[in-house]
Amino acid sequence: MDITDKLALVTGGSRGIGRAIAIALAGAGADVIVNYKEHGAAADEVVAEIRKRGRRVGAICADVSSPGEVAAMYSTIAKEFGEVSILVNNAGIARGRKVDEVDLAVFDEAINVNLRSAFIVTAAALPAMRRAKWGRLIFISSTAANVGGIVGPHYAASKAGMIGLMHSYATNLVKEGITANVISPALVETDMVRADLRVTPDRLPVGRFGRPEEVGEVAVMLARNGYITGQSININGGAYFTS
């Protein structure tokens, strides 16, 4: 399916996987809104890359775990660009903690930033998608949702929650032309992975870290495809097998 001129919103789109997805969607013909919270200069670089591809693009600073800031963001998007058709819930944090170091504050932070934000941003996107009878919801989870991982139980729980959220949307919205899917990467070469000295490429059967662009390719595929819904696409170099 052609996604030329569809408007995509990528949360946490200034760096890493979000950056790669935003640029990949623009390369496929979509216009793109790059959401960021702290890294404005990096967001501007993504905007410049997308402009080279001849697409409409904007960068908006907003804390996507705040309903008020999300409402303001969508209001700006509607006035300046139109209605969002493709939503990529990518914003998140991964603060590594041992099991006995995870207190309620650490747990709540992970849930708020990784899971609650996805619910808030999706809820704000759905009215326009339902009116249009067309939409793509893409959630960036993690292999940690299935295997626990090394970041900690707070992170794994927040990422597993995204899969449950996606399943519910997929079940209830498919007849309205809206698909919902998860991408679950593992050890993709981002700032987060490079900063963790415990993580080395030999942990993966493929023998290397993933590239953000490889996740971007899958996001484009899901945006273009109207038949895939309710699925978790695992990009993990063989770290976790699914049937």
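On a predicted model such as this, the values are computed, not experimentally measured, just so you know.
- Between A28 and R224, the shortest heavy-atom contact is CB-NH2, 3.6 Å.
- Of all heavy-atom pairs spanning F81 and V57, the tightest one is CZ-O, 3.7 Å.
- In this structure, the side chains of Y36 and V46 stay at 4.5 Å or more apart for every pair of heavy atoms.
- Nearest approach of A91 to G12, heavy atoms of both residues: CB-N, 3.8 Å.
- Annotation: side chain of M129 is not in contact with side chain of L173 (no heavy-atom distance under 4.5 Å).
- The CD atom of Q231 sits 7.0 Å away from the NE2 atom of H167 when rounded to the nearest 0.5 Å.
- Just one of S142, S141, S158 meets the side-chain hydrogen bond (donor to acceptor under 3.5 Å, both in side chains) condition when paired with N114; it is S158.
- Criterion: ILVMFWY side-chain heavy atoms under 4.5 Å apart, direct or through other members. Under it, F139 and I163 are part of a common hydrophobic cluster.
- Counting only distance, with no hydrogens or angles, the side chain of N236 and the backbone of A186 share no donor-acceptor pair below 3.5 Å.
- Smallest separation of non-hydrogen atoms from G216 and A24: O-CB, 3.7 Å.
- We find the OG-CE distance between S232 and M162 to be 10.5 Å, quoted to the nearest 0.5 Å.
- Listed by chain and residue number, R95 satisfy the side-chain hydrogen bond (donor to acceptor under 3.5 Å, both in side chains) test with E109 (two or more places apart in sequence, or in another chain).
- At least one side-chain heavy atom of L165 sits under 4.5 Å from a side-chain heavy atom of F119.
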I would like to know whether L9 and N35 meet side-chain contact (heavy atoms from CB on, under 4.5 Å); could you show each step before the answer? CA-CA 7 Å; L9 169 62; N35 159 258; 4.1 Å; yes
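- A donor-acceptor contact shorter than 3.5 Å links the side chain of Y74 to the backbone of V121.
- Hydrophobic clustering of Ile, Leu, Val, Met, Phe, Trp and Tyr side chains at less than 4.5 Å, counting indirect connections, unites V220 with M1.
- For L25 against A219, the heavy-atom pair with the smallest separation is CD2-O, 4.4 Å.
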Extract all donor-acceptor atom pairs below 3.5 Å that involve side chains of residues 62-72 and protein atoms in other chains or at least two apart in sequence.
residue: D63; atom: OD1; partner: S65; partner atom: N; Å: 2.9
residue: D63; atom: OD1; partner: S65; partner atom: OG; Å: 2.7
residue: D63; atom: OD2; partner: S65; partner atom: OG; Å: 3.4
residue: S66; atom: OG; partner: E69; partner atom: N; Å: 3.3
residue: E69; atom: OE1; partner: D63; partner atom: N; Å: 2.7

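- There is a path of hydrophobic side-chain contacts, each under 4.5 Å, that joins V34 to V88.
- In this view, A26 and V32, I50, R53, R55 satisfy the side-chain contact (heavy atoms from CB on, under 4.5 Å) rule, not counting sequence neighbours.
- Interatomic distance, CZ of R19 versus CD of E49, reported as 5.5 Å (0.5 Å rounding).
- The CD atom of E213 sits 10.5 Å away from the CD1 atom of I17 when rounded to the nearest 0.5 Å.
- Side-chain contact between I140 and P185 is present, with at least one heavy-atom pair separated by less than 4.5 Å.
- Under a 4.0 Å N-O distance rule, the pair E214/R211 qualifies as a salt bridge.
- Here the shortest heavy-atom pairing between R136 and G226 reads NH2-CA, 3.4 Å.
- Under the rule for a salt bridge (charged side-chain N to carboxylate O under 4.0 Å, His left out), the partners of R130 that lie at least two apart in sequence or sit in another chain are E176.
- With sequence neighbours excluded, no residue satisfies side-chain hydrogen bond (donor to acceptor under 3.5 Å, both in side chains) with N181.
- Residues N225 and T179 have side chains not in contact (no heavy-atom distance under 4.5 Å, counting atoms from C-beta outward).
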Checking V174 against Y227 for the side-chain contact (heavy atoms from CB on, under 4.5 Å) test, could you report, in this order, the C-alpha distance in whole Å, the side-chain angles of both residues, the deciding distance, and whether it holds? CA-CA 9 Å; V174 63; Y227 197 61; over 6 Å; no
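- Its side chain within the 4.5 Å cluster rule, Y240 clusters with V147 among the Ile, Leu, Val, Met, Phe, Trp and Tyr residues.
- A donor-acceptor pair is defined here as one N or O able to donate and one able to accept, closer than 3.5 Å; such a pair exists between the side chain of T11 and the backbone of N90.
- Note that the CG atom of L222 and the CD atom of E217 stand 12.0 Å from one another [nearest 0.5 Å].
- Cluster annotation: M73 is connected to L126 through the hydrophobic network of ILVMFWY side chains, with a link wherever side-chain heavy atoms come within less than 4.5 Å.
- Using a 4.5 Å heavy-atom threshold, the side chains of V84 and I33 count as separate.
- Residue M166 holds its CE atom at 8.0 Å from OG of S184, rounded to the nearest 0.5 Å.
- Under 3.5 Å, the side chains of N89 and T122 contain a donor-acceptor pair of N or O atoms.
- Criterion: ILVMFWY side-chain heavy atoms under 4.5 Å apart, direct or through other members. Under it, I77 and L137 are part of a common hydrophobic cluster.
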Before you tell me yes or no, could you show the steps for N146 and N234 under side-chain contact (heavy atoms from CB on, under 4.5 Å), namely the whole-Å CA-CA distance, both residues' side-chain angles and the distance that decides it to 0.1 Å? CA-CA 10 Å; N146 300 105; N234 294 281; 3.9 Å; yes
